[in-house]
Asker: 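Here it is, the structure in full.
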Amino acid sequence: MNDWAPIAKEYDPLKAGSIDGTDEEPHDRAIWRAMLARYVPNKGVTGDPHLTLFVARLNLQTTEEKLKEVFSRYGDIRKIRLVRDLITGFSKGYAFIEYKEERALLKAHRDANRLVIDQHEVFVDFELERTLKGWIPRRLGGGFGGKKESGQLRFGGRDRPFRKPINLPNVKNDFYGEGSAEKRNWSREGTRDWRTRDREHERSREKRGPERERSWGWGDSERERDSKEERSRGRERKDRDRKDRDRDRSRERDAKKQRDDDKHR
């Protein structure tokens with residue numbers, strides 16, 4: 001814990017896959033791939049790596065001229081390398097900018113991160129390929145950052161630094177009775193005490209059970225009786241209403257028949 005830092009001092013794929021750098025087993029296949037990779041930095045890349053800035057999440061339409069216009073405000077630029085596809089020549093969305101002075105590099109690193117260029121918020125960091133020991137690029141399962149949707153987040157970089165681990169006491173062994181003999185005996189005795197209390201609780205609950213059942217049964221019968229009486233009264237009311245309607249209809253028919261007979265006379 002004394003040497004803990006939010007930014008990785010050297011690249012370890014296993015630690016990079018953990019939010020606090022404490023994982024002991026890889027949790028996705030990409031970490032396995034990164035652990036097995038034997039990556040060698042591109043020897044064709046020239047320039048001073050300690051004066052080079054990495055710029056990512058660029059608009060695919062952003063050009064070298066636009067990058068020079070934006071990043072030259074922080075200091076004199078020696079070279080800009082916008083990475084392009086070898087076949088199509090289209091931008092891959094990231095670039096490397098080499099400054100002439102370290103002061104300009106540090107200023108750009110501090111102020112240009114999350115700067116909006118051509119409607120895109122860019123990400124700025126130091127070059128890591130040639131400066132961070134053990135570096136594995138994203139395409140081999142390494143790198144830093146990433147999106148939650150990908151399920152392959154990598155921690156220890158500027159985008160997603162490590163979170164400080166929480167120091168918890170090692171209680172697992174004692175909890176499962178795997179500690180010293182004295183602690184294991186205490187654990188077994190405690191277990192017997194808990195079982196005794198459980199049995200006593202079950203017995204007391206069984207004694208109270210018949211009383212509760214009697215009280216619940218009485219309450220249920222009362223409610224059932226009230227419900228039956230209510231339903232019976234409701235049926236009686238409906239029967240009376242139906243008889244009244246039938247009687248009214250019968251009277252109306254008789255009166256109509258009487259009127260018809262009077263007309264024919």
Side-chain angles (χ1 to χ4, degrees), residues 17-20 22-32 57 59-61 93 114 116 118-121 123 141 145-155 159-161 163-178 183-184 186-265:
S18 170
I19 192 170
D20 57 3
T22 59
D23 279 7
E24 297 180 356
E25 293 290 337
H27 64 269
D28 65 54
R29 293 182 179 180
I31 295 178
W32 277 112
R57 302 172 190 168
N59 189 321
L60 299 182
Q61 305 303 319
R114 297 187 176 180
V116 177
D118 293 337
Q119 293 80 46
H120 276 227
E121 185 181 271
F123 171 72
K147 296 182 179 180
K148 291 182 180 180
E149 295 80 6
S150 69
Q152 296 181 7
L153 296 178
R154 298 293 179 264
F155 301 90
D159 190 23
R160 293 186 181 275
R163 293 186 184 178
K164 194 168 185 179
I166 301 174
N167 276 335
L168 294 177
N170 188 14
V171 296
K172 181 177 179 180
N173 290 343
D174 295 341
F175 179 82
Y176 289 102
E178 298 174 359
K183 291 182 179 180
R184 288 198 298 270
W186 176 88
S187 177
R188 286 196 293 269
E189 290 173 2
T191 304
R192 284 199 294 272
D193 291 341
W194 295 335
R195 291 174 180 172
T196 303
R197 286 197 299 271
D198 290 341
R199 285 196 295 270
E200 292 175 354
H201 177 70
E202 289 293 334
R203 284 197 294 269
S204 63
R205 188 170 62 181
E206 290 174 359
K207 291 179 182 179
R208 293 194 302 269
E211 298 178 358
R212 291 182 179 178
E213 289 175 1
R214 285 195 296 272
S215 63
W216 292 342
W218 180 85
D220 291 342
S221 60
E222 286 290 323
R223 285 192 292 271
E224 289 176 3
R225 187 163 56 250
D226 292 342
S227 178
K228 288 179 181 178
E229 291 177 356
E230 184 65 28
R231 288 197 297 271
S232 178
R233 286 194 293 269
R235 284 195 296 269
E236 290 175 359
R237 283 195 298 270
K238 290 181 180 179
D239 291 341
R240 284 197 301 269
D241 294 340
R242 186 169 61 253
K243 289 179 180 178
D244 292 340
R245 288 194 298 271
D246 293 341
R247 187 168 53 251
D248 293 338
R249 292 194 191 99
S250 178
R251 287 175 181 173
E252 290 177 0
R253 285 196 299 270
D254 292 342
K256 183 179 180 182
K257 184 178 181 181
Q258 185 65 34
R259 288 194 299 270
D260 293 339
D261 290 343
D262 292 342
K263 287 180 182 180
H264 291 297
R265 289 176 186 172

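Because only heavy atoms are used, hydrogens play no part in the values below, and waters and symmetry mates are left out as well, while side chains stay in. Computed from a prediction, not measured in an experiment: that's the story for all the values here.
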Asker: Where is the tightest heavy-atom contact between Asp20 and Pro165, given as atom of each residue plus distance?
Answerer: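 Closest approach of Asp20 to Pro165: O-CG, 3.8 Å.
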Asker: Looking at residues at least two apart in the chain, or sitting in another chain, which of them share a side-chain hydrogen bond (donor to acceptor under 3.5 Å, both in side chains) with Arg57?
Answerer: Asp159
Asker: Who pairs with Arg249 by side-chain hydrogen bond (donor to acceptor under 3.5 Å, both in side chains), at least two apart in sequence or on another chain?
Answerer: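 If we apply the side-chain hydrogen bond (donor to acceptor under 3.5 Å, both in side chains) test to Arg249, skipping adjacent residues, the hits are Asp246.
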Asker: Are there over 12 heavy-atom neighbours, none belonging to Arg114, within less than 6.0 Å of that residue's CZ?
Answerer: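 No, CZ of Arg114 has 12 or fewer neighbouring heavy atoms, counting only those of other groups under 6.0 Å.
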Asker: Where is the tightest heavy-atom contact between Leu153 and Arg160, given as atom of each residue plus distance?
Answerer: CD2-NE, 3.6 Å
Asker: Charged N to carboxylate O below 4.0 Å: is that the case for Asp248 and Arg245?
Answerer: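 Answer for the salt bridge query: no.
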Asker: Please find the pair of heavy atoms, one from Asp239 and one from Arg242, that lie closest to each other, and give the distance.
Answerer: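 Closest approach of Asp239 to Arg242: OD1-NH2, 2.7 Å.
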Asker: Could you give the distance from OG (Ser18) to CD (Glu25), rounded to the nearest 0.5 Å?
Answerer: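 Atom-to-atom, Ser18:OG and Glu25:CD are 12.5 Å apart.
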Asker: With a 4.5 Å cut-off on side-chain heavy atoms, are Arg154 and Ile31 touching?
Answerer: yes
Asker: Is the backbone of Asn59 close enough, under 3.5 Å, to the side chain of Asp118 for a donor and an acceptor to pair up by distance?
Answerer: no
